[in-house]
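Working notes, structure below.
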Protein chains: 2
Amino acid sequence: MSTRDRIVGEAMRLFWEKGYASTSINDILKAADANAGSLYHFFPGKQDLLCAVLDTYQSGIRPMLLEPAWAGIDDPIERIFALLARYRQLLIDTGCTYGCPIGYLALELHEPDPVVRVRIAANFDGWVDAIEECIAAARDRFPADVDPRRLAHFVLTTMEGAVMQARTYRTIETFDQSIAELRRYFNALQQTAGAPKPKGRKK
Amino acid sequence: MSTRDRIVGEAMRLFWEKGYASTSINDILKAADANAGSLYHFFPGKQDLLCAVLDTYQSGIRPMLLEPAWAGIDDPIERIFALLARYRQLLIDTGCTYGCPIGYLALELHEPDPVVRVRIAANFDGWVDAIEECIAAARDRFPADVDPRRLAHFVLTTMEGAVMQARTYRTIETFDQSIAELRRYFNALQQTAGAPKPKGRKK
DNA sequence: GTCTATATACGGATAGAC
DNA sequence: GTCTATCCGTATATAGAC
């Protein structure tokens, strides 16, 4: 594994565990067993390293996040909740301390440089894209006026808000309850899908 | 206005605008037109000042947040959405940069001292209490198996998640859409309230 | 591309006169 | 309770040999 990859990987882990501001260049160097000269050879500064981390997250959404979460699950709606269950497991594994690394950075960096902000937004977009695909695949279970992308953003809203509370209360309870409410919302939407529009239903 | 109050007030503003870590003691001193000696006369350290800020937020929930938001609004469910509209206005007024100061701190402080974390949780609790009261006041509009506190936490979940996205995308659109989905969920719950439990309905 | 030593600034916190 | 000067650690970043 190259020095560059080690630096990016350890930075990714440390930004997640300690936050961006609280992680010093020295922390990263020690964890990656590298020297300052190496880091500044690859990156002009700390922020550029952050950009590399965010790019790595983005390109990892499908192979590292979605594919493991969706293995063996075919129903598109169940895939949504399987993804949310991954975040639940992440919280459980860390004593409800670490949740979504992107959401964390999104709030920690108050007025980030545009180069950083667009990358955070791109990560959210990639996540929402995946949820939207699931909803679109189950399109005929929902009322016609349900907007798949809007609903997908709402799933992200729920996940991030639920993670925030789990972290604050250091308990999985509020997370589970928020996901349960989201599930109930999905059920309610699907129940009302058939009745109001009995026109042109396929098959 | 006392020096102490000026220090707490400016710290509150700066923590909100720049974050806790990025706000230096010197920033606060300059903004409050005070000296280091004064600050350390009132507070042992920066974290104690943060605690004072969080206590101020908590005691201000009703007079500073709920009462203005609820002025002239009697319907308990409309009160919930009126409160959410306050956060919307906050985002609008700041170019979608600053949202809920508590949620911000909740994610910025990764592993905060227990003294800090319990104060963040207390702020969330106070907020959820208010929402729960609204839902409880409209209890008979919802199905019997709706848990008012659980649903109240879900409102907080939605608000915080929606604010996070508004900040990231620098647009009010995703915020509005998330609130619209929450409204739709509330409507769906209320529509199903009458039918499944026609027993002992009052009046 | 890797290493050590270091420049330079700023952080939180303190001392002690007034 | 207020003020100035300052300690001391750590931060990001750089210089320059290898």
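Excluded from the calculations below are hydrogen atoms, water molecules and symmetry mates; all remaining heavy atoms, backbone and side chain alike, are included. No experiment lies behind these values; they were computed from the predicted model shown. Sequence lines set the chain letters: A, B, ... in the order given, protein chains first and strands last, and positions in each chain run from 1.
Between A:H41 and A:T3 the shortest side-chain heavy-atom distance does not fall below 4.5 Å.
Per the geometry, CD1 belonging to B:I7 stands 14 Å off P belonging to C:dA13, to the nearest Å. The nearest whole Å value for the distance from the CG atom in B:D48 to the P atom in C:dT14 is 11 Å. When rounded to the nearest whole Å, the span between NZ of B:K46 and P of C:dG12 equals 4 Å. Between the CZ atom of A:F43 and the P atom of C:dG1 there is a distance of 12 Å, given to the nearest Å. As a whole-Å value, the separation of A:L39 CG from D:dA11 P is 14 Å. Atom C1' of nucleotide C:dG12 and atom CD1 of B:I28 are separated by 11 Å, given to the nearest angstrom. Put simply, CG on B:N26 is 10 Å from P on C:dC10, counting in whole angstrom units. The nearest whole Å value for the distance from the CG atom in A:L29 to the P atom in C:dG1 is 16 Å.
Near DNA chain D, meaning a heavy atom under 4.0 Å from it, residues 9-24 of chain B has no residue at all.
For the residue pair B:D93/B:Q89, the side-chain donor-acceptor check at 3.5 Å is satisfied. Side-chain contact of B:Y169 with A:D125: a donor-acceptor pair under 3.5 Å is present, judged by distance alone.
Ring-plane geometry between A:W16 and A:Y98 is classed as tilted, the angle between the planes lying from 30 to 60 degrees on a 0 to 90 degree scale.
With sequence neighbours left out, A:R62 forms a salt bridge (Lys or Arg N to Asp or Glu O under 4.0 Å) with A:E133.
Not one side-chain nitrogen or oxygen of A:Y40 sits closer than 4.0 Å to the OP1 or OP2 atom of D:dT14.
B:R150 places no side-chain N or O within 3.5 Å of a backbone atom of A:S178 that could act as its donor or acceptor partner. Although no hydrogens or angles enter the test, the distance criterion places no donor-acceptor pair under 3.5 Å between the side chain of B:R88 and the main chain of B:D176.
A salt bridge links B:R13 to B:E10: one of the charged nitrogens lies within less than 4.0 Å of a carboxylate oxygen. Between B:R183 and B:E78 there is a salt bridge, since at least one side-chain N of the basic residue sits less than 4.0 Å from a carboxylate O of the acidic one.
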Would you tabulate the nitrogen or oxygen pairs shorter than 3.5 Å linking the protein to nucleotides 2-4 of chain D?
unit_1	atom_1	unit_2	atom_2	d
D:dT2	OP1	B:T3	OG1	2.8
D:dC3	OP2	B:N35	ND2	2.3
D:dC3	O5'	B:N35	ND2	2.5
D:dT4	OP2	B:N35	OD1	3.4

